Amino acid sequence: MTAESTNPDNHETHRHGYDFAAVEAKWQRHWLAGAIFAARNDAARRKAYVLDMFPYPSGAGLHVGHPEGYTATDIYCRYLRMTGHDVLHPMGWDAFGLPAEQYAIKTGTHPAITTRANVATFRKQIQALGFSYDWNREVDTTDPGYYKWTQWIFLQLFKRGLAYTAEVPVNWCPALGTVLANEEVIDGKSERGAHPVVRMPMRQWMLRITAYAERLLGDLDGLQWPEGIKAQQRTWIGRSEGAEVDFAIEGGLGVLRVYTTRPDTLFGSTYMVVAPEHPLVEAMTTDDRRGEVQAYVAAARSRSDRERTDDSRQKTGVFCGRMAIHPCTGAPIPIWVADYVLGGYGTGAIMAVPAHDSRDFAFARAYELPIRQVVSPTGQPLPEPLQAAYTDDGVALDSGPFTGLPTAQFKRAIAAWLVERGLGEPKVHWKLRDWVFSRQRYWGEPIPIFYPVVERDGTALQHGQLQPSDVAQLIAQGAARLDYERPMPVPETELPLRLPQTDDFAPTGNPEPPLAKCHAWRYFTQQGAWYARETNTMPQWAGSCWYYLRYLDPNNEAALASPEAIARWLPVDLYVGGAEHAVLHLLYARFWHKVLFDCGVVHQAEPFQRLVNQGMILGEDGEKMSKSRGNVINPDAMLQVFGADAFRLYEMFMGPLEAVKPWATAGLHGTRRFLNRVWALFDKPVVDAPADDATLRALHKTIAKVGDDTRELRLNTAIAAMMALLNDLVRLPNLPRSVAEPFVLILAPYAPHLSEELWERLGHCASLAWQPWPAHDPALCVDDTVEIPVQVNGKLRGKVVVAKDTAAAELERVALADPQVAKWTADKVVAKVIVVPGRMVSVVVK
RNA sequence: GUCGGAAUGGCGGAAUGGUAGACGCCGCGGACUUAAAAUCCGCUGAGUGAAGACUCGUACGGGUUCAAGUCCCGUUUCCGACACCA
């Protein structure tokens with residue numbers, strides 16, 4: 001008996017089982033104080049790098065979704081330690097981001113202070129769940145020691161020509177005086193206050209992720225990732241094979257180049273469309289159409305991407321007045337300007353084939369343009385008028401020399417034909433765009449770039465007696481400007497480029513970032529000349545792109561991680577997190593990893609070998625948890641009532657890790673009861689006598705199953721198996737040590753606090769965290785006798801109990817002799833008997 | 001629309017093509033208690049039956065097989081992602 005259960009002051013907890021609050025606090029202290037889970041590093045042992053997607057430490061604290069993935073990886077890691085692995089299992093904070101900055105603007109509290117407080121809350125909450133993280137490796141993306149290396153990676157990108165600036169539209173909200181992120185803009189209005197938002201071009205940093213499109217696509221094949229995530233990334237990258245074709249523009253205006261994936265429908269092209277931003281729009285527009293076209297282009301420009309791509313919108317466009325010459329038939333076809341063609345994809349111009357493209361079909365219908373069939377399933381035209389575009393492959397018709405060719409052959413033939421005549425060529429295009437990398441925000445990593453300050457005539461602004469604020473004034477007055485054509489990298493030795501301390505996070509009132517107001521930080525002299533720092537900061541994705549590398553060697557000041565640590569731990573063997581990061585985070589991180597691979601920093605092409613998405617936990621009403629629905633479950637409250645072990649167990653017992661599943665607090669009573677029953681089991685005398693055969697078999701089967709299930713992350717069925725074993729053990733008069741010890745050990749990854757306590761009670765002084773996983777005896781995992789179902793004409797009619805290795809002939813004899821079976825075979829002719837020894841007997845009668 | 005996933009008792013879920021519903025929740029009955037809670041024992045897919053037992057049953061319609069929740073074809077519904085990318 002322990003002190004808890006005999007202490008009269010503790011009768012409350014005794015009645016409900018053991019004092020889990022005391023036990024859990026005790027072991028959490030013990031693990032932390034002894035750094036029990038510091039990653040061991042012995043090159044002779046197998047390594048495992050198990051990673052959770054690190055959280056953004058929001059002010060709201062942990063929700064029940066966070067511990068779902070964390071518990072799964074914790075169980076897995078504890079299992080791996082017991083099976084002889086060196087395990088790297090770290091945790092950290094993705095702490096740059098919008099909410100802290102918005103809070104700062106509202107309250108004046110510096111984001112660093114908010115962040116520190118939130119991190120402390122998160123750490124405490126996570127530790128209260130007893131996870132076996134190596135806390136010596138905690139990282140925080142807002143720590144200058146961390147973002148020094150985020151900036152360093154940016155410089156590598158810059159040096160390789162993968163970071164560049166371009167004029168890109170941003171969402172500028174004049175009423176709020178700030179630039180908004182896409183997700184802060186809803187239907188062209190600001191999320192807060194519903195003020196109008198205008199799109200205006202601004203100089204932005206871009207990352208050339210498109211240069212890696214081919215590799216980002218190809219390398220997906222070798223990854224152990226959910227099919228859905230791979231499919232999403234493939235779609236996002238959007239490789240498309242087709243051809244570019246030149247159409248001559250009437251009036252000697254050169255050629256209009258289009259991209260199509262269906263060059264086989266070339267003969268069906270009855271008009272052309274260029275995007276409103278196409279460079280030739282101006283030149284192609286005839287004078288009588290100019291007013292109309294200009295108005296259309298202006299209207300299109302003011303529309304947001306979202307509006308323009310709204311599917312339900314009626315297609316619009318204007319005829320520019322000019323005709324193109326069909327390269328095959330020589331027929332003149334009209335050139336239209338319409339915003340259903342996107343400027344940023346392909347060549348920004350298409351040949352419209354209304355008979356075989358649903359968008360062109362809709363447009364042709366609306367503007368009464370001709371529709372010409374050139375493909376059909378059989379090569380015979382479908383009845384006209386067509387009700388919809390026929391977009392499948394088929395056989396060509398009315399296509400000159402190509403008539404009668406199946407689509408695939410046609411595509412090959414026309415490609416050669418186009419190349420031969422210099423009219424076009426096969427071409428691959430990608431949907432993936434370069435990554436807009438700058439944000440007009442304070443709370444992010446400063447981009448380590450600066451520009452010369454020059455006078456009106458372009459000569460360097462000399463130091464003189466100027467102060468930074470004077471320089472700012474000169475620029476404001478137009479007497480000086482930044483030479484954005486000459487971006488210069490901050491020397492690596494000067495990293496980190498720290499965020500300036502400031503209390504002024506308020507929007508600037510113009511599209512410039514808040515850092516533009518930090519004159520003393522922004523303007524500096526070097527060899528007598530003035531320079532100005534970049535004032536855009538990096539997006540939140542930056543820090544999360546490479547954090548898995550910093551964990552390897554978090555305090556290294558000379559490199560982002562030592563070559564030894566990189567060689568030892570990479571790649572990440574298991575990465576667990578939410579599916580909401582299917583595309584962006586996982587694609588960006590893969591991109592950076594490949595760049596670092598090309599830099600020779602890392603040695604695998606891919607960072608994350610195996611990926612698992614935990615399913616969302618819904619509210620008790622089956623709806624997504626949200627404050628407005630009032631169905632949010634607070635994990636702290638659950639821990640208070642049920643304890644960490646019961647909470648962990650419940651989250652895993654709810655169902656498969658990947659599944660979306662509703663919360664049910666009632667279910668926690670089940671896991672709480674289970675743990676109490678385990679505790680009560682040890683009230684039985686622990687004896688050194690051997691266990692009976694049935695118990696031994698049940699134990700060994702359970703050890704095998706829990707091991708298998710844990711490796712496969714089928715944690716729900718592993719728990720069910722341990723519950724079933726307990727149901728057997730409680731019936732025993734006493735508890736053989738040879739059963740008690742393995743049982744505690746297999747339970748340990750799942751309910752580590754209780755297990756440590758029981759392990760100690762069994763007389764062990766060291767933590768069980770590094771105990772070997774109990775071995776199971778395969779001979780004890782099968783029964784000597786088995787119950788064999790007997791089917792007659794496919795229906796279960798009887799069961800016979802036989803020795804497990806009963807031969808087929810004997811099994812058949814016993815089965816047919818069984819009275820229950822005989823009842824169904826009497827008066828019938830046995831036509832066939834299928835015997836699967838050890839499994840079942842199936843009798844066919846007539 | 002496209003892509004990915006799912007559909008099994010009152011609920012969460014389990015089932016290498018081979019005894020559907022393990023395990024748990026809820027519920028019901030019983031023991032203990034002055035009583036309740038907690039705990040322990042038992043029952044718990046639907047239907048027929050006194051019982052032995054039988055019939056039906058894994059979204060729907062077909063098919064393959066001695067045997068289908070599981071494999072194949074088609075349909076419906078739900079969830080998630082993408083969505084004018086030519």
Side-chain angles (χ1 to χ4, degrees), chain A residues 12 14-17 226-232 234-236 238-240 242 258-262 265 273 308-313 315 338-342 344-353 356-360 362-363 391 429-433 579-580 582-583 613 615-616 618 620 622 624 649-650 653-656 658-671 673-674 676-677 680 714 716-727 730 787-799 820 823 831-836 838-845:
Chain A
E12 188 68 21
H14 178 56
R15 282 196 323 189
H16 299 283
E227 217 24 72
I229 302 288
K230 289 206 235 182
Q232 278 184 57
R234 286 191 190 105
T235 310
W236 190 264
R239 183 177 198 275
S240 148
V258 301
Y259 174 66
T260 177
T261 54
R262 291 296 300 273
T265 61
V273 186
R308 263 185 75 165
T309 58
D310 181 1
D311 221 2
S312 58
R313 208 176 116 245
K315 291 190 177 13
D339 69 359
Y340 82 90
V341 170
L342 307 174
Y345 183 76
T347 60
I350 61 155
M351 60 174 205
V353 185
H356 306 294
D357 181 283
S358 47
R359 298 152 302 187
D360 298 343
F363 191 79
T391 56
H429 277 287
W430 304 83
K431 221 154 77 176
L432 185 68
R433 304 296 157 82
E580 65 273 19
V583 177
N613 295 124
M616 206 193 329
L618 306 173
E620 299 220 58
K624 201 167 167 168
L649 228 35
Y650 173 67
F653 189 61
M654 290 171 79
E658 301 85 348
V660 176
K661 43 213 176 268
W663 182 267
T665 301
L668 265 158
H669 290 287
T671 52
R673 257 197 293 263
F674 167 66
N676 286 345
R677 281 175 10 114
R714 291 188 303 246
N716 53 330
T717 49
I719 294 167
M722 289 187 281
M723 288 174 165
L725 177 63
L726 176 70
N727 289 342
V730 292
E787 190 186 56
I788 302 287
V790 184
Q791 292 180 357
V792 179
N793 284 359
K795 292 199 174 179
L796 178 71
R797 295 303 186 187
K799 296 167 187 178
Q820 285 299 331
K823 218 166 74 182
K832 194 173 174 188
V833 182
I834 293 114
V835 182
V836 186
R839 271 253 161 247
M840 70 119 47
V841 177
S842 186
V843 184
V844 186
V845 298

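What you are looking at is a predicted structure, and each value in this text was computed from that prediction instead of being measured.
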Short question: side chain of A:Arg262, backbone of A:Thr391 - any donor-acceptor pair under 3.5 Å?
yes

Separation of B:G24 atom P from A:Met722 atom CE, nearest Å, is 13 Å

Output yes when a side-chain donor or acceptor of A:Asn613 lies under 3.5 Å from a complementary backbone atom of A:Glu658, and no otherwise.
no

Of A:Leu725, A:Ile719, A:Leu726, which is the lone residue that meets side chain to side chain contact (heavy atoms under 4.5 Å, CB included) with A:Met723?
A:Ile719

Closest heavy-atom pair, A:Gln232 versus A:Ala582, reported as atoms and distance to 0.1 Å, is OE1-CB, 3.4 Å

Using a 4.0 Å heavy-atom cut-off to protein, can you give one letter per nucleotide of nucleotides 9-21 of chain B, 5' to 3': B if the base is in contact, S if only the sugar-phosphate is, - if neither?
---BSS-B-BB--

Within this structure, what is the CD1-to-P distance between A:Ile229 and B:C3, rounded to whole angstrom?
17 Å

In this structure, how many angstroms lie between the C1' atom of B:A38 and the CZ atom of A:Arg677, rounded?
14 Å

Would you write the dot-bracket representation of RNA chain B, where each base gets (, ), [, ], | or . depending on whether it forms a Watson-Crick or G-U pair under 3.5 Å and with which partner?
(((((((..(((.....[....))).(((((.......))))).((((....))))..(((((..]....))))))))))))....

Distance check, C1' atoms only: B:G49 and B:G13, in whole angstrom units.
32 Å

Given B:C23, B:C82, B:C40, which nucleotide is nearest the side-chain atoms of A:Trp236?
B:C82

Under 3.5 Å: donor-acceptor pair, side chain of A:Lys230, backbone of A:Gly228:
no

Ignoring backbone atoms, establish whether A:Lys832 has a side-chain N or O less than 4.0 Å from OP1 or OP2 of B:A67.
no

Between B:G9 and B:C26, how far is it from one C1' atom to the other, in whole Å?
12 Å

Rounding to an integer number of Å, can you tell me how far A:Arg234 CZ sits from B:A81 C1'?
15 Å

May I ask you to verify if any side-chain N or O of A:Arg673 is less than 4.0 angstrom from the OP1 or OP2 atom of B:C25?
yes

Atom NZ of A:Lys230 and atom P of B:C3 are separated, to the nearest Å, by 18 Å

When the C1' atoms of B:C32 and B:A59 are considered, how many whole Å apart are they?
46 Å

Under-4.0 Å side-chain N/O to phosphate OP1/OP2 contact, A:Arg797 with B:U55:
yes

So if I take every side-chain heavy atom of A:Lys795 and compare against B:C56, B:C25, B:A83, which nucleotide ends up nearest?
B:C56

With C1' as the reference atom in both, quote the distance from B:G45 to B:G57 in angstrom, rounded to an integer.
8 Å

Expressed in angstrom and rounded to an integer, what is the separation of A:Asn676 atom CG from B:G24 atom P?
14 Å

More 5' along RNA chain B: A:Glu227 or A:Met616, using each one's nearest nucleotide?
A:Glu227

Within 45° of the six-membered ring axis of A:Tyr340 and under 6.0 Å from that ring's centre, is NZ or CZ of A:Lys315 located there?
yes

Considering only the C1' atoms, how many Å lie between B:A20 and B:U70, rounded to the nearest integer?
11 Å

To the nearest Å, how far apart are A:Lys624 NZ and B:C78 P?
18 Å

Hey, which of these two, A:Asp357 or A:Leu668, hits RNA chain B nearer its 5' end, going by closest nucleotide?
A:Leu668

Does B:G80 have OP1 or OP2 sitting under 4.0 Å from an N or O in the side chain of A:Asn613?
no

Quick one, A:Ser240 with A:Tyr259, criterion side chain to side chain donor-acceptor pair (under 3.5 Å). Give me CA distance, side-chain angles, the key distance, then yes/no.
CA-CA 10 Å; A:Ser240 148; A:Tyr259 174 66; 2.7 Å; yes

Please test A:Trp430 against A:Tyr345 for ring-ring contact (aromatic ring centres under 6.0 Å, His included), starting from the C-alpha separation and ending with a verdict.
CA-CA 8 Å; A:Trp430 304 83; A:Tyr345 183 76; over 10 Å; no

Distance-minimising heavy-atom pair for A:Asp360 and A:Asp357
N-OD1, 3.0 Å

For A:Met654, is there any backbone N or O sitting under 3.5 Å from a side-chain donor or acceptor partner on A:Asn716?
no

Taking atom P in both B:C72 and B:U65, compute the distance separating them and give it to the nearest angstrom.
16 Å

Test your reading of the model: is there a side-chain donor-acceptor pair from A:Lys661 to the backbone of A:Pro656, 3.5 Å cut-off?
yes

At under 4.0 Å between heavy atoms, what does A:Ala582 touch on the DNA or RNA strands: base, sugar-phosphate, or nothing?
nothing

Using the P atoms only, state how far B:U64 lies from B:U16, rounded to an integer number of Å.
25 Å

So A:Asp360, base contact, sugar-phosphate only, or nothing? Heavy-atom distance under 4.0 Å.
nothing

I need the minimum non-hydrogen distance between A:Ala338 and A:Val273, along with the two atoms involved.
CB-CG1, 3.5 Å

Selected nucleotide, minimal atom distance to A:Lys823 side chain, candidates B:G4, B:C25, B:C54:
B:C54

With sugar-phosphate meaning primed atoms plus P, OP1 and OP2, does A:Ala664 contact a base, only sugar-phosphate, or nothing at under 4.0 Å between heavy atoms?
nothing

Nucleotide nearest A:Ala724 when distance is taken to its side chain, options B:A86, B:C23, B:G4:
B:C23

Would B:G9 be called syn or anti here, given the cut-off of 90° from 0?
syn

Rounded off to whole Å, could you give me the CG-to-C1' distance for the A:Leu726 and B:G24 pair?
13 Å

Expressed in whole Å, how much space separates the C1' atoms belonging to B:C71 and B:C23?
28 Å

